[in-house]
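Heads up, the thing below is written out as structure tokens.
Below, chains carry the letters A, B, ... as their sequence lines are ordered, and counting in each starts from 1. The figures here come from the full heavy-atom set of this structure, side chains too, leaving out hydrogens, waters and symmetry mates.
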Amino acid sequence: MVESFVVNCYKPPMDNKQAIAASLDWSQAPAQSQDGLAAGLKIDEYERIVTALGRVPNQTELGIFSVMWSEHCSYKSSRKHLSKLPTTGPNVICGPGENAGVIDIGDGDAVVFKIESHNHPSFIEPFQGAATGVGGIMRDVFTMGARPVANLNALRFGDPSHPKTKHLVAGVVAGIGGYGNCMGVPTVGGETEFDPAYNGNILVNAMTVGLARADRIFYSAAGGVGNQVVYVGAKTGRDGIHGATMASAEFSEDSESKRPTVQVGDPFKEKLLLEACLELMATDAIVAIQDMGAAGLTSSSVEMASKGGCGIRLNLDLVPLREDGMTAYEIMLSESQERMLMILKPESEALAAAIFAKWELDFAVIGEITDSGNLELIRHGTRVCALPLSPLVDAAPLYDRPFVIAEPAAEFDDSTIAPTHPDSLLRDLKTLLARPNFASRRWIWQQYDHLVGGQTVIPPGGDAAVIRLTRDHVDMKKGLALSVDCNPHYCFSEPRRGGAYAVLEVWRNITAVGGRLQALTNNLNFGNPEKPEIMGQLVGCLEGMAEACRALSVPIVSGNVSLYNETNGEAILPTPVVGGVGLVDDVSKAVTIGFKSAGDLILLLPATRTDLFLNQKTSSLGTSAYRREVMGLANQGRPPAINYSLELATAAWLGQMMKEQRISACHDVGSGGLLVALAEMAMKGNLGAAVTLPAAIAPLVAGFGEGLWSYLLTASPTDAEAIMAAANTQGITIFTLGKVTAAAELKVENHGTISLSELRAGYDSFLPNLMQN
Amino acid sequence: MKIAIIVFPGTNRENDIRAALVTAGVAASNLQLIWHRETAIPAATDLIVLPGGFSYGDYLRCGAMAAHSPIMREVKSAAARGVAVLGICNGFQILCESGLLPGVLLSNQGLKFVCREVELEVATNQSIYSRKMVKGHRLRAPVAHHDGNYFAAPEVLAELQDRDQIVFKYAADDNPNGSALNIAGIIDSSRRVLGLMPHLENATDPLAGGIAGRAMFDSILNG
């Protein structure tokens, strides 16, 4: 970073190649390779810049290169492998590459959505870091013309007993709530996990889902030589300078000294920006629009101009500034929040200015579109930057980093795990439900306004959230089922299966409420990709994800990569979070997890051919939560295998049964296994259950094994008959597990009884207790 | 019935109240959104609603900025003429800050935003907002606020009680914010201006939030 002005005026030698340089501002020393290092570039990257330009850059230009070529903006380590993901499909309006992905959901409606990380800032300053993460992703969505209708988040914290964890949880949750609540966008879902692997590097991934008209999507490609470049929103300050670069580096103990690189959010300003943008978008004034997120004015102007195949000239003296004396470098690299860049059609200025005046936001014409193919910047009347756009965007290094994917381990032998006690099944269930990773998340989601808008059909605390959609203030029949998921332990044990399983979890969560998964977004959180084993995790997870997406015919339409999640060389668990959007045709038929009536039958669906686990061809306890959380042992063996054809058949059949309204409750069986799912259904419905575990399988495997079962359902005895018959014709096996009972207890044949109040004691109290003490 | 819904910058539950009123039978043509810069309330308005949200960001005391916006002069004079005024959540805060209701809403006792269903009790049905309800009846409706902790001087609280101005209370074991006397909603001495924290407008739809709040809208519209 430029700390002080150099008084001497350098006069670099001139030759033909450097003619352009003659007109540039050289009041500071030309940027050398050590300046590149300071800005986060490698030596060879600096040399690449000099080669591409045919001259040395000045300090402002180097700053621009350093952010554009940061991992965060250029995806230089992941791009090669990201191309393996399926990103197209008949419903895809816009895949990766724009501010967010866009899918068609019929009736002329489109859903715009994306997930994005704000990990590093949230660790340094949890409230503002998380808040601006939420603000940033909402801007990405409304930039494209959509009104945000729901927020979700995926959080990872360190060990609950780590001295920092409590402070981080409190700050992140308050920050997410503080921003989303003020914006009036309900936060309807998410996931939170604790593990020591995140002690020095928490993860805060925020997802926003918006609704637009399919023929009113706004893009970022600039066009029309002479068209005005307009800056709207908040003023530019010195906050967040080099945020994108910070987000692309490892942490060390002094990371808190990077606090000034964290931006400060103003959700009120963003609420005004949202309303003003949507009001302007209802007119015909906008050619292109792009939010100023990571790398601020730099990446927005460069991306808009390069996508449009044109050039752009900005007079930085016209940029609304919050403080005096800001240099071109600072203006271009500021990550001040709540700002947008727009290209307006000719003669639209007055109309647009009036709308922004109504919303009391800054509006400034700061430049114009040119045909030069260059980014030209003027500050104090002097040309401070004249960079050809193509090297900034296209010449960014693309790394094919070496990677090592470990050979899959041998299948774990489930029979080697003995129960902790002969009668321990229900006691272990109680233990598991009180563990940090299973206890109720109510303490978190009660701090999020999950109801604003009045469209929340299934609030947090179930499988997927469901929101109803409206058009012109009229409720539609249809809605969206939304979920985010990832099991980092599976990803660590075997990246390929773990990546696939993250997709499958979302698929099941959405299926379980009566939705049909339409498309995904992903947030790839990994350690330092320069280490082959970390790069191997990334590649393996991506390949697994791609495999599952292809098998289930679901595209990934947007995403974010967050690498270098390491502190003092310790990497996080590989955490490729997947967010999904499902369509619910009729929200009145959406299904929730809670038991509904005593006497309903409880039905269990297998996730694989039962003979495989009967014959111990596949294992279920090696990477299970039971092994980690109850036994306190490390993962061993492989995560569960996936039977895609059975998943597809089960989902199609389940969707039909829900359409016929034959299913009274449904819950996917995920981490923790069958008994956890059963207990959650009972606690939610405040009704008990009397069940018998499938006889042929060891009780521990049946009760806590993972990967054996896909869903638990309830249905009235009459409906259950029809369900069984329909399943039979589809070749789907169903176990009748038992019955919902009025007594508030779980009774497992041969394993005793436990009251729901006993289960709730630890389940409900873990987070409130942690956060109080 | 003609209804004006005031929209401040930062208001975010205007569509929720709109939907609840339409569900209750108000024709959409009789609902008008009024921007805070406007300087007149439409003639023949029967009810003014101040919806929930974060007016002006609520960076100062909640509702303090909105209380000084141009439209509030008109709201006050309309209230003086006997026009009914309903403030929900941020609207309640604005009514207190503008002096239309006594007391103030402090930060929740837990110092956290709280969004959850609470158990409410109808403390009086002697109001145009609760006349179709049964005194003592319990209903469940959501709250969603950071500053709902009603506070007033002891003599003000005594007066509210003596004059039957407490319309809704939280069940004693379900007070989400620590408000005095478990107050969830109060009415002014003219019995036309109601402020309440719970979002009864988010409890009028069987598919999203349930219908426990319908009785309030029924009271307003079908007296």
For the interface with chain A, which of B/Asp58, B/Val114, B/Asp205 has the highest count of heavy-atom pairs at distances below 4.5 Å?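 Option with the top pair count is B/Asp205.
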
Among B/Asn202, B/Asn90, B/Leu207, which residue has the highest count of heavy-atom pairs closer than 4.5 Å to chain A?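 Ranked by contacts with chain A, first place is B/Leu207.
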
query = Most heavy-atom pairs under 4.5 angstrom with chain B, which of A/Val173, A/Asn181, A/Val587?
reply =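 Among the listed options, the one with the most contacts to chain B is A/Asn181.
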
What residue, out of A/Gly453, A/Gly454, A/Cys182, has the most heavy-atom pairs lying under 4.5 Å from chain B?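 Greatest number of close heavy-atom pairs with chain B: A/Cys182.
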
Given heavy-atom pairs under 4.5 angstrom as the criterion, report whether the side chain, backbone, both or neither of [X] touches chain B.
X: A/Asp475; value: side chain
X: A/Thr456; value: backbone
X: A/Glu360; value: side chain
X: A/Gln446; value: both
X: A/Leu451; value: both

Polar side chain donor-acceptor pair, [X] to [Y], under 3.5 angstrom:
X: B/Asn182; Y: B/Asn175; value: yes
X: A/Gln772; Y: A/Asn769; value: no
X: B/Glu121; Y: B/Tyr170; value: no

- For B/Thr204, is it the side chain, the backbone, both or neither that has a heavy atom under 4.5 Å from a heavy atom of chain A?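 Contact with chain A: none, neither part.
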
Against the six-membered ring of A/Trp359, is A/Lys271 placed for a cation-pi contact (under 6.0 Å from the centre, within 45° of the normal)?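 Ring-cation test returns no.
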
Fill in: Sole residue of A/Asp109, A/Asp585, A/Asp586 in salt bridge (Lys or Arg N to Asp or Glu O under 4.0 Å) with A/Lys478
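Of the listed options, the one satisfying the test is A/Asp109.
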
Can you label the angle between the A/Phe268 ring and the B/Tyr56 ring as parallel, tilted or perpendicular, going by 30° and 60°?
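Judged by the thresholds at 30° and 60°, the geometry between A/Phe268 and B/Tyr56 is tilted.
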
| Do the ring planes of B/Phe92 and B/Tyr150 sit parallel (below 30°), tilted (30 to 60°) or perpendicular (above 60°)? |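 B/Phe92 vs B/Tyr150 ring planes: parallel.
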
